[in-house]
Asker: 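Can you keep this structure in mind? I'll have questions shortly.
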Amino acid sequence: MKYAISSVEQASIDIDGSKELFPVRRIYCVGRNYRAHAIEMGADPDREAPFFFMKPADAIVQNGSTIPYPTQTSNLHHEIELVVAMGKGGASISKENALDHVWGYGVGIDLTRRDIQNKAKESGRPWDMGKGFDNSAPCTAIRPVSDIGHPDTGKGAIWIKVNGEIRQESTLDLHIWNTAETINYLSSLCELQPGDLIYMGTPDGVAAVVSGDIMEGHIDGVGDLIITIA
Ligand code: MN
């Protein structure tokens, strides 16, 4: 096969303790998967099921990176999230078998141009430019299930500091939909494939970052993420 233009590189993310890379196929994100965050965004967590949106695979950013402050926003928000890395694909995967499809986990930030997203919400337009922009998906090296098990089955801490100050702090058991339930529902909408990532949704406390800020994210048993805004 010969392409008419120079072909696109496979997006990938590091694997903890390995020289191999985890290829990134699609990045799915869960919306409003923590009650307290749904409430802070003006939604009713009891009436609304979580929903999905996407980021392009090449929005992925390696741990330790410095990224530019994005264009066309003056309200860039951090959302600290557990990232699920799929090792096996499938359609309509049962809850019982869902975790067998997971290869590993990472610590991610769903960076959001909140001003663009809010305008899109008001006008009923798509969220893509608020969520799926360049460098919008930082993530740590993936740690395999064989090393760490399934963090979402426990009460591990998830937090993010900006310039050393805690902004978001919660636990993984407070996901409205856990990893198995999310894979079950998402795979009923789209056939999942190896290399898909799922950003699992953020707790409350989302807030703005500006140029020069240093974001440090942590999830117990999964890792530590550090990203600087240039
Ligand atoms: Mn999010």
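First listed ligand is number 1; within each ligand, the first listed atom is number 1.
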Asker: Hey, what's the ring geometry for Trp177 with Tyr185, parallel, tilted or perpendicular (30° and 60° as the breaks)?
Answerer: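 Answer is perpendicular, since the angle exceeds 60°.
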Asker: For the Mn ion (ligand 1), check which protein N, O or S atoms are under 2.8 Å away and list them.
Answerer: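 Protein N, O or S atoms closer than 2.8 Å to the Mn ion (ligand 1): Glu79 OE1, Glu81 OE2, Asp110 OD2.
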Asker: What distance do Glu79 atom CD and Ile160 atom CD1 have between them, rounded to the nearest 0.5 Å?
Answerer: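 If we round to the nearest 0.5 Å, Glu79:CD and Ile160:CD1 are 10.0 Å apart.
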Asker: Once side chain to side chain donor-acceptor pair (under 3.5 Å) is applied, do any residues pair with Asn33, and if so which ones, sequence neighbours excluded?
Answerer: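 Asn33: no side chain to side chain donor-acceptor pair (under 3.5 Å) contacts found.
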Asker: Name the atoms and distances for all side-chain donor-acceptor pairs under 3.5 Å in residues 121-130, with sequence neighbours left out.
Answerer:
unit_1 : atom_1 : unit_2 : atom_2 : d
Ser123 : OG     : Lys119 : O      : 2.8

Asker: Report, one line per pair, each donor and acceptor closer than 3.5 Å where one atom sits in a side chain of residues 138-149; sequence neighbours left out.
Answerer:
unit_1 : atom_1 : unit_2 : atom_2 : d
Thr140 : OG1    : Val107 : N      : 2.8
Arg143 : NH1    : Gly221 : O      : 3.3

Asker: Under 3.5 Å, is there a donor-acceptor pair between the Arg167 and His78 side chains?
Answerer: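 Indeed, the side chains of Arg167 and His78 share at least one donor-acceptor pair under 3.5 Å.
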